[in-house]
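Naming convention: chains lettered A, B, ... in sequence-line order (proteins, then strands); numbering from 1 in each chain. None of the values given here were measured: they were computed from a predicted structure.
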2 protein chains.
Amino acid sequence: MKFNKTTEYAFRILSYMAIEESRSYSVDEIFEKLHIPYRYLRKLMTNLSKSNFLYSIQGKNGGYKISGKLEDIKLLNLIEVVDPDYLVSNCFFGIENCSRESTCIMHDQWDGVRTHINTILANTSLADIKQGNNQNKIVLNTFHSLKT
Amino acid sequence: MKFNKTTEYAFRILSYMAIEESRSYSVDEIFEKLHIPYRYLRKLMTNLSKSNFLYSIQGKNGGYKISGKLEDIKLLNLIEVVDPDYLVSNCFFGIENCSRESTCIMHDQWDGVRTHINTILANTSLADIKQGNNQNKIVLNTFHSLKT
DNA sequence: CTTATATAATACCTAGAGGTATCATTTATG
DNA sequence: CATAAATGATACCTCTAGGTATTATATAAG
Ligand code: SF4
Ligand code: SF4
């Protein structure tokens, strides 16, 4: 059900950077706002730029910018990179070698859940998140100004 | 999305024991069939009897029996004991202290997923699993005779 | 061209879920 | 009763996601 921490962090980072998608954000600024453990955040940012969601500007006054259009970056794309296992079609009972010739009573139901989640992730882009944030200020006010 | 191993194990154990709900099963027999790591299985069985899904018969010829009616044991009840965190209403973004005054764009969608899962777990009892197993032999044939 | 400020690379540490090992206790049976 | 066959209790080990620490590299600006 819930995502691993790294995924949550990635979602929050990109959602935050979408607020002003065209400017660059330093790790320090993101840390100030999101309070993701600093050094882990550093590592994650370089991963996100290696996987081309961001590009980095090195040196003084450096930072990261979102690369590409917000509406083209779906949450599904992010999770594919950051936690690919999340999306694989797992057996409800955790069985590796089920033949799946005739499926058990949980199989289709669980596929339904998976489809439900996938649909949400595939249909929600950073543009949607940004728009949601503008409509009610939750992200700017609460979500993005956490206490330590 | 997927459950932790202990939950998967619990589901499989109880589903298996539901096949002949009235007799007792030794750990050795369950191990033979399900190939859950032996000593971990032992530990889990005593947990399941402490939480009253099973009761244990000690001594020679001992084992475990399902306690109560199959239709009264919902998967939800099991997971409540074995992985209570699974069901808590987690924020999509993993935020602890969101005020939730005005909810973000993901909130309701994610609640929908949670409700979906909860409905499945709350509505499926061991009796349903057993019935499903009888209709197509997946559990008996594949699911419950795994290789090491 | 030096310095300060940024990211990059890499190696290491930690907590907790999952898994093991050992010994104690219960009880059917001869 | 003695023994074997079962569960109970408890302490320890292990692997990995998450988190730290350190050093290297890039670059804006004086
Ligand atoms: S049919 Fe049932 S046991 Fe087999 S993979 Fe699907 S959920 Fe798992
Ligand atoms: S409103 Fe959004 S940020 Fe707040 S708890 Fe719900 S999902 Fe999380």
Practice problem: Using salt bridge (Lys or Arg N to Asp or Glu O under 4.0 Å) as the criterion, list what pairs up with A/Glu20, not counting sequence neighbours. | Solution: A/Arg23
Quiz item: What is the distance from atom CG of B/Asn118 to atom OH of B/Tyr86, rounded to the nearest 0.5 Å?
Solution: 9.0 Å
Identify the pairs formed between an N or O of the protein and an N or O of nucleotides 3-7 of chain C at a distance under 3.5 Å, and give each distance.
{"from": "C/dT5", "atom 1": "O2", "to": "A/Lys60", "atom 2": "N", "distance (Å)": "3.4"}
{"from": "C/dT7", "atom 1": "OP1", "to": "A/Val27", "atom 2": "N", "distance (Å)": "2.9"}

Quiz item: Has B/Lys74 got more than 12 heavy atoms of other residues, nucleotides or ligands less than 6.0 Å from its NZ?
Solution: yes
Quiz prompt | Sequence-distant partners of A/Arg39, salt bridge (Lys or Arg N to Asp or Glu O under 4.0 Å), two or more places apart | solution = none
Practice problem: Check which hydrophobic residues are tied to A/Val88 through side-chain heavy-atom contacts below 4.5 Å, counting indirect links as well, and list them. | Solution: none
Exercise. For C/dA8, take OP1 and OP2 only and decide whether either is under 4.0 Å from a side-chain N or O of A/Lys50.
Key: no
Practice problem: Output all residues satisfying side chain to side chain contact (heavy atoms under 4.5 Å, CB included) with B/Ser89, sequence neighbours left out; order by chain, then residue number. | Solution: B/Arg100, B/Asp111, B/Arg114
Exercise. Quick one: which residue pairs count as a salt bridge (charged side-chain N to carboxylate O under 4.0 Å, His left out) with a foot in residues 119-133 of chain A, not counting sequence neighbours?
Key: A/Glu21-A/Lys130
Quiz item: A/Asn47 has an atom CG; how far is it from atom P of D/dG18, in whole Å?
Solution: 12 Å
Self-check item: Residues forming a side chain to side chain donor-acceptor pair (under 3.5 Å) with B/Tyr55, sequence neighbours excluded
Solution: none
Self-check item: Residues in side chain to side chain donor-acceptor pair (under 3.5 Å) contact with A/Ser56, at least two apart in sequence or another chain
Solution: none
Quiz item: Listed by chain and number, what are the side chain to side chain donor-acceptor pair (under 3.5 Å) partners of B/Asp28, not counting sequence neighbours?
Solution: B/Tyr38
Exercise. Round to the nearest Å and state the distance from B/Leu41 atom CG to C/dA21 atom P.
Key: 15 Å
Look for any protein N or O under 3.5 Å of an N or O in nucleotides 10-17 of chain D and output each such pair with its distance, or none.
none

Quiz item: Pick the nucleotide of DNA chain D nearest each of A/Tyr9 and B/Met45; which residue has the one closer to the 5' end?
Solution: B/Met45
Exercise. Take the protein atom CZ of A/Arg39 and the nucleotide atom C1' of C/dC12, then report the distance between them rounded to whole Å.
Key: 12 Å
Quiz item: When you measure from every atom of DNA chain D, which of residues 76-88 of chain B have a heavy atom less than 4.0 Å away?
Solution: none
Quiz item: A/Asn4: what forms a side chain to side chain donor-acceptor pair (under 3.5 Å) with it, not counting sequence neighbours?
Solution: A/Thr7, A/Asp83
